[in-house]
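Accompanying notes for the structure given below.
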Amino acid sequence: MFFIAAGIVLLNVTIYLVMSRIYRRFHIPILLPALTATVAVVVLLLCFEIPYDTYMIGGQWINKLLGPAVVSLAYPLYKQRHVLRHNLPAILGGTITGLLVGMLSGMLLAAAAGFSKMYVLSMLPKSITTPVAIQISSNLGGDSSLTSVFVMIAGFTGAIGGPYIIKWFRIKSTVGIGIGLGAASHALGTAKALEYGEQSVSMSSVAMTVCAIVGSIVGPLVAWMIYSL
């Protein structure tokens, strides 16, 4: 059992390092290591017919590192506390606006496309970090598995498309870049914000946290407004 777990962990780390090297070489957003490494692992599991339960013997150890990884974001946030203090109204305003736009746009588009209520409610918290999004979705009557998929799609879309939007609109503010990536693409957006500097990743972690807190409060209200019209 130990050797299976160690082998799976080593496989994941190796794939990620290879994909990171490719990304640094070409630096194309679509080659984001989190995306390409995920695809590579899925392909390997399918090709060798490795069951999910077997993979999670080692995958669970990687999963347990997510908590400390998120907590570690507190350090750059502490170092940038003066920026947070001086830009608090803009940070909160931008984050909450991004959260509401993300919720309403997803729900309205899904409803307009004729999706069932369950699908629409599952999509509502797509721009919120996965653990909180799943709770919001489940409480509203959505499907937690679908919500996880929508959260991943939102994360990858923002992390890949975000740099193009930043370039097209000529956004230079590291605070604005961090807020945009964090509010739209949660953890993956925050990982992408690392490429723009410590200030951006700090603001992105703030945006991700604010979205989780505010989203859990306004999510039910947004759902009620949509379905009471």
Side-chain angles (χ1 to χ4, degrees), residues 12-46 62 66 69-70 73 76 94-95 97-110 113 122-134 145-212 215:
N12 279 270
V13 172
T14 301
I15 290 175
Y16 186 83
L17 290 176
V18 171
M19 296 306 174
S20 295
R21 188 177 182 86
I22 293 173
Y23 180 67
R24 286 195 300 270
R25 174 67 177 82
F26 297 100
H27 206 70
I28 302 172
I30 194 65
L31 295 178
L32 189 72
L35 174 60
T36 53
T38 299
V39 172
V41 170
V42 170
V43 170
L44 284 175
L45 293 180
L46 291 174
I62 299 174
L66 291 176
V70 173
L73 293 173
T95 300
T97 299
L99 171 67
L100 292 176
V101 169
M103 282 186 168
L104 288 170
S105 61
M107 286 189 69
L108 291 174
L109 287 172
S122 299
M123 185 180 291
L124 183 146
K126 61 180 174 55
S127 294
I128 300 174
T129 188
T130 304
V132 179
I134 288 175
S145 298
L146 281 174
T147 298
S148 298
V149 173
F150 289 136
V151 169
M152 288 184 64
I153 292 173
F156 284 127
T157 302
I160 294 170
Y164 294 111
I165 295 174
I166 291 169
K167 183 178 179 179
W168 289 339
F169 287 90
R170 299 180 181 179
I171 300 172
K172 303 297 183 183
S173 169
T174 53
V175 173
I177 291 172
I179 293 173
L181 291 172
S185 303
H186 40 82
L188 286 170
T190 301
K192 186 66 179 179
L194 281 167
E195 299 178 18
Y196 294 91
E198 187 176 83
Q199 194 170 93
S200 286
V201 75
S202 299
M203 297 305 104
S204 185
S205 63
V206 170
M208 181 175 65
T209 304
V210 171
C211 281

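Just so you know, residue 1 is the first one in the sequence shown, and it goes up from there.
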Report task. Using the test side chain to side chain donor-acceptor pair (under 3.5 Å), find all partners of Ser204 that sit at least two apart in sequence or belong to another chain. Result -> Thr190
Only pairs under 3.5 Å count here: list side-chain donor-acceptor contacts from residues 147-164, not counting sequence neighbours, and write none if there are none.
{"residue": "Thr147", "atom": "OG1", "partner": "Ser122", "partner atom": "O", "Å": "3.0"}
{"residue": "Thr147", "atom": "OG1", "partner": "Ser137", "partner atom": "OG", "Å": "2.6"}
{"residue": "Thr147", "atom": "OG1", "partner": "Asp143", "partner atom": "O", "Å": "3.0"}
{"residue": "Ser148", "atom": "OG", "partner": "Ser144", "partner atom": "O", "Å": "3.1"}
{"residue": "Thr157", "atom": "OG1", "partner": "Ile153", "partner atom": "O", "Å": "2.6"}

Query - Side-chain heavy atoms of Ile128 within contact of Leu99, under 4.5 Å - result: yes
Report task. For Thr129, enumerate each residue passing the side chain to side chain donor-acceptor pair (under 3.5 Å) test, keeping only those at least two apart in sequence or located in another chain. Result -> none
Requested in this report: Determine yes or no for a side-chain-to-main-chain donor-acceptor pair under 3.5 angstrom, with Ser185 supplying the side chain and Gly182 the backbone.
Outcome: no
**Report entry** Rounded distance (nearest 0.5 Å) linking atom CD of Gln199 with atom OG of Ser173
**Finding:** 7.0 Å
Query raised in the report: Could you state the interatomic distance from CD1 (Ile28) to OG1 (Thr36), rounded to the nearest 0.5 Å?
Result: 11.5 Å
**Report entry** Residue pair Thr95 / Val206, side-chain heavy-atom distance below 4.5 Å
**Finding:** no
Report task. Taking side-chain contact (heavy atoms from CB on, under 4.5 Å) as the test, write out the residues that go with Ala40, two or more places apart. Result -> Ile15, Met19
Requested in this report: Could you tell me the separation between the CD1 atom of Ile179 and the OG atom of Ser202, rounded to the nearest 0.5 Å?
Outcome: 11.5 Å
Query raised in the report: So which pairs with a foot in residues 17-29 pass side-chain hydrogen bond (donor to acceptor under 3.5 Å, both in side chains), sequence neighbours left out?
Result: Tyr23-Lys192, Tyr23-Glu195
Query raised in the report: Judged by atom type as modelled, is there a donor-acceptor pair below 3.5 Å linking the side chain of Thr174 to the main-chain atoms of Ser200?
Result: no
Query raised in the report: Of all heavy-atom pairs between Cys211 and Ala183, which one has the smallest distance, and what is that distance?
Result: SG-CA, 3.8 Å
Query raised in the report: When rounded to the nearest 0.5 angstrom, what distance separates CG in Leu17 from CD1 in Ile22?
Result: 11.5 Å
Query raised in the report: How would you list all residue pairs meeting salt bridge (Lys or Arg N to Asp or Glu O under 4.0 Å) that involve residues 153-166, not counting sequence neighbours?
Result: none
Query raised in the report: Can you pull the salt bridge (Lys or Arg N to Asp or Glu O under 4.0 Å) pairs that have at least one residue in residues 30-45, sequence neighbours excluded?
Result: none
Query raised in the report: How close do Ala34 and Tyr16 get, heavy atom to heavy atom, and via which atoms?
Result: N-CE1, 4.2 Å
Query - Inter- and intrachain pairs under salt bridge (Lys or Arg N to Asp or Glu O under 4.0 Å), touching residues 166-183, at least two apart - result: none
**Report entry** Spacing of Ile166 atom CD1 and Leu181 atom CG [to the nearest 0.5 Å]
**Finding:** 4.5 Å
**Report entry** NZ on Lys126 to CE on Met103, rounded to 0.5 Å
**Finding:** 9.0 Å
